[in-house]
Amino acid sequence: MIKCLFAGLLARRATINPSTCPTYRQLFWAEVQKRQLKTKNVLESKFKEDPTGNQCGTKRPRESPSENRESQREAQNMKVPKQTEKPSVPDSHREATKTTESVGHWSQGLKTSMQDPKMQVYKDDTVVVIKDKYPKARYHWLVLPWQSIPSLKALCKEHCDLLKHMQQVADQIVQQCPDVGSLRFRTGYHAIPSMSHVHLHVISQDFDSPCLKNKKHWNSFTTDYFIDSYDVIQMLETNGRVTVKEGTSELLKLPLRCHVCRKELPTIPALKEHLKSHFPKK
DNA sequence: GTTCTAGAAC
DNA sequence: GTTCTAGAAC
């Protein structure tokens, strides 16, 4: 186990944002290494499935304007799972769905996805990992706690251990990736997420995905809108809460800039073409 | 979060 | 003319 964690540590070192405090990182890993894994990790074989097996390539068929609105609403309702469906997890794990907001609303989608066994690539007593439904890179997972925590704002010092465990699980997931040797990964949170329920993004830095379509997508992962997991934990330990700087939402409107060489590109297609030079297909 | 599309940009 | 984005709607 220690060997495994050490391997994880070495792998992370290569990917860490240089702006993070090294002293803190050392303390963090000392703590992680002391920690026993709560459960045996059951990484299912489906983990190795094609990460591009997603929905973003498929277009919704166009309809005539007159019937468009109504049929769209119908399609939206179709996505809501039936109440009679057999739950995939014990009641103790369904706390996430206890909310005053309708589970049918798009912002509540993660609560549904995380309960779906077909989406789960890992689970233990405290967290579940799913593939992002619309991955923005070759590899893109979400680590979610079973405990219902709406957003970073709701976090307090008591959540530190949970967030550390989420990071630890994220590192394990990365280590299982067949391309861990050639791709860099980042683990972090969106400062102002669209989807309810705290979720840790685990994303490879190729950003090679048809689901990455606009400036908001790009800037949400390549500017300070994306907060490194270690920084969130540190903020929580230091201040007891997570604060987001004023003007963070404006970061999404910044010009498109390559995260590798900092070159500015005029459009998303131009950026994607440019990225091919940094991340050629195998 | 996504989809769709009007109209800006080329 | 085509490409691309931004914003509304969901």
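Chain identifiers are assigned alphabetically (A, B, ...) following the order of the sequence lines, protein sequences preceding nucleic acid strands; residue numbering begins at 1 within each chain. Note that these values count all heavy atoms, side chains included, but never hydrogens, waters or copies made by symmetry.
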Under 3.5 Å, which N/O atoms of the protein pair with N/O atoms of nucleotides 7-10 of chain B?
none

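In this structure, A/L110 reaches neither bases nor backbone, as no heavy-atom distance under 4.0 Å exists between it and the strands shown. Within 4.0 Å (heavy atoms only), A/K136 reaches sugar-phosphate atoms of the nucleic acid but no base atom.
Shortest non-hydrogen contact noted between A/P145 and A/M166 is CD-CE, 3.9 Å. Here the shortest heavy-atom pairing between A/S204 and A/L183 reads CB-CD1, 4.0 Å.
Within the 4.0 Å cut-off from OP1 or OP2 of B/dT3, at least one side-chain nitrogen or oxygen of A/K213 is found. Using a 4.0 Å cut-off, no side-chain N or O of A/H217 falls inside it from OP1 or OP2 of B/dG1.
In this structure, the nucleotide among C/dC4, B/dG1, B/dT3 sitting nearest to the side chain of A/H201 is B/dG1. Comparing C/dC4, B/dT3, C/dA6 by their nearest atom to the side chain of A/K215 picks out C/dA6.
Residues A/R184 and A/D206 are not paired through a salt bridge, judged by the lack of any N-O separation under 4.0 Å between the basic side chain and the carboxylate.
The aromatic ring centres of A/H201 and A/F221 sit less than 6.0 Å apart.
In the hydrophobic cluster analysis, where Ile, Leu, Val, Met, Phe, Trp and Tyr join through side-chain heavy atoms closer than 4.5 angstrom, A/V143 is grouped together with A/V180.
Within 6.0 Å of atom NZ in A/K216, 12 or fewer heavy atoms from other residues, nucleotides or ligands are found, so the atom counts as exposed in its surroundings.
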Can you give me every donor-acceptor pair (side chain of residues 241-248 of chain A, partner residue at least two apart or in another chain, under 3.5 Å) with its distance?
residue : atom : partner : partner atom : Å
A/T248  : OG1  : A/K245  : O            : 2.5

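Across residues 244-251 of chain A, not one residue has a non-hydrogen atom less than 4.0 Å from an atom of DNA chain C.
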